[in-house]
There are 2 protein chains.
Amino acid sequence: MTDSSSNKNFLKTLDRGLAVIKSFDGDTPQMTLSEVARKNSMSRASARRFLLTLQSLGYVIKVDDNFQLTAKILEVGHQFLSNLNFIEVITPFMREASRLLYKACSASILNETDIVYIARIPSQHQILSVNLNVGSRLPAYCTSMGRVLLGNMTENELDAYFKHAELISHTPHTITDVKKLHKIIKQTRIDGYSIVNQELEENLCSVAVPICNQQGKVLCAINVGMPVGQLKIEEVTSEYLPVLQEAASKAEAILVHH
Amino acid sequence: MTDSSSNKNFLKTLDRGLAVIKSFDGDTPQMTLSEVARKNSMSRASARRFLLTLQSLGYVIKVDDNFQLTAKILEVGHQFLSNLNFIEVITPFMREASRLLYKACSASILNETDIVYIARIPSQHQILSVNLNVGSRLPAYCTSMGRVLLGNMTENELDAYFKHAELISHTPHTITDVKKLHKIIKQTRIDGYSIVNQELEENLCSVAVPICNQQGKVLCAINVGMPVGQLKIEEVTSEYLPVLQEAASKAEAILVHH
DNA sequence: TACGAATGTGCGCAATACGCACATATTTAT
DNA sequence: ATAAATATGTGCGTATTGCGCACATTCGTA
């Protein structure tokens, strides 16, 4: 919840209500009334009113004294995805890349300082570790797709990005030096792809390329990820990248007509 | 927006705010301030306050005098999906079924009177017609997955369903007679699958099966859809259904350990 | 049974959100 | 170019919405 109480045009009840919805997260998928109140730093009476409103609207149900979200909550964001017309164009090609590489293939766009997953083709076998869904967010600066998308920014935009981004070392390999990152992103722009090795999570490597529309505007980035022990970085460049680039090219050929 | 103004525990501002978010739909993905006000039957001053709040929270941006949703809005529903732990178990098998059948494969659950899509493996080629995403909703009574899920209901629950469901003829083939539907759903329960032919959309046929967990509880339904002209219903039963059932069985074998 | 914890409820009122009128900016028509 | 129409921005008085409090009720535990 944000502190904008001095702004007469800021609707505090809406802010608090959305915060209540978002407080049903991975740590607390289900909560009692009191837990909602505590987690959202509000009185029990207020929490109750928010929950009863959300229940009345169908977004929340109560199961054995615990409130939890319903599928109806997907309505709130669903239309955003539906408005991204290119998704249905790129997914068959992502699927083909996934098949050839035996890896999950994902697409994302930039939002604030994160990448947001907008499509995902699961791999043929069990997921290794990360549980990523449409809507999942990861920091842009240390992910392959993020770097591809940042590579599409102007210098001013990139400066603004680093003003806001919180550069955390997720692993011993994470690069958090702004100068280094600037250089890497500049190189990414030149290369037209990005390989990130163990910067977000140990033992995980990924390679990403952009997908552009007719005007050359980057619509999104797509990537595949893999465990590091499986192969060497040179193999990523020689075996994985061309498949991904081919998928992007084929998608782009169709997007030209859109 | 619902009319619950007589209820002291109903927070009208939250209701209105969520309605504003949802008004950014397929018909109006972008809107001016005045269009938002008109579409939501509220004053311009109110609309402005809602939009400025959502903008301040990052859920909406303004591009050339038009407001539109940002990817951040996916945060609101994202956690619901993440809380469905079985999705990452079933998607590799859905993917295999999709590969074998050369069709998109989807999973859904019931919410109110609709099915809601919770996972989707796109087909290898261009989508035929329907643009379905995670979060998309379709009426349960005339969809194969819906019938499978309704087949899992008690008689009381099914009666309650038909009290609320709006039975619309989407095509000349749509069955809207409650007695007939009861019979069909009962048969679906016995069969363990459902084939729906041109009841939601002309020339589209689909077959669905349930996926159950260890306790026999139905977690979701999965389906594949196809154009009718491609094959006969008997072929659906003999060629498509077994593949889908195998995918479900394999997923269930793993879910036993969850 | 008594006590503690959790939730439900009514109510006075604090403060939040409202709409109105006017101001400003932009677009359209003459 | 000017006037009119349309869209948006702003300040403010106040209607009404949402608040927290105190008490009531329910449920679980010792």
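Residue numbering restarts at 1 for every chain, and letters A, B, ... go by the order of the sequence lines.
Distance CG (A:Asp64) to P (C:dT7): 13 Å, rounded to an integer number of Å. At whole-Å resolution of the value, CZ in B:Phe10 and P in C:dA17 are 15 Å apart. To the nearest angstrom, P of C:dA6 lies 15 Å from CE of A:Met31. Note: NZ (A:Lys8) to P (D:dG13) measures 11 Å, nearest angstrom. Between B:Leu14 atom CG and C:dC18 atom P there is a gap of 12 Å when expressed in whole angstrom units.
For B:Lys62, counting side-chain heavy atoms from C-beta on, the closest listed nucleotide (D:dT8, C:dT9, C:dG19) is D:dT8. Ranking D:dT8, D:dG18, C:dT7 by closeness to the B:Thr32 side chain, first place goes to D:dT8. Of the candidate nucleotides C:dT7, D:dC19, C:dC18, C:dC18 has the atom lying nearest to any side-chain atom of B:Phe50. The side chain of B:Lys12 lies closest to D:dT17 when the candidates are D:dG20, C:dG19, D:dT17.
Of the side-chain N and O atoms in B:Arg16, none sit less than 4.0 angstrom from OP1 or OP2 of C:dA17. Under 4.0 angstrom from either OP1 or OP2 of D:dC19 there lies at least one side-chain N or O belonging to A:Ser46.
Side-chain N or O atoms of A:Arg147 include none that pairs as donor or acceptor with a backbone N or O of A:Leu181 at under 3.5 Å. Formation of a donor-acceptor pair under 3.5 Å by the A:Ser82 side chain with backbone atoms of A:Gln79 is not found in this model.
Of the two residues near DNA chain D, B:Leu33 and B:Arg49, the one whose nearest nucleotide lies more 5' is B:Leu33. Position along DNA chain C of the nearest nucleotide to B:Asn9 versus A:Leu11 favours B:Asn9 as the more 5'-ward residue. Summary of the strand contacts: B:Asp65 and A:Arg48 both lie near DNA chain C, and taking for each the nucleotide with the nearest heavy atom, the more 5' one is attributed to A:Arg48. Both A:Arg44 and A:Thr13 lie close to DNA chain D; mapped to their nearest nucleotides by heavy-atom distance, the more 5′-ward contact belongs to A:Thr13.
The nearest pair of heavy atoms linking B:Met42 to B:Val20 is CE-CG2, 3.7 Å.
Between A:Asp25 and A:Lys39 there is a salt bridge, since a side-chain N of the basic residue sits under 4.0 Å from a carboxylate O of the acidic one.
Between B:Asn40 and B:Arg16, the side chains place no donor N or O within less than 3.5 Å of an acceptor N or O (distance only, hydrogens not considered).
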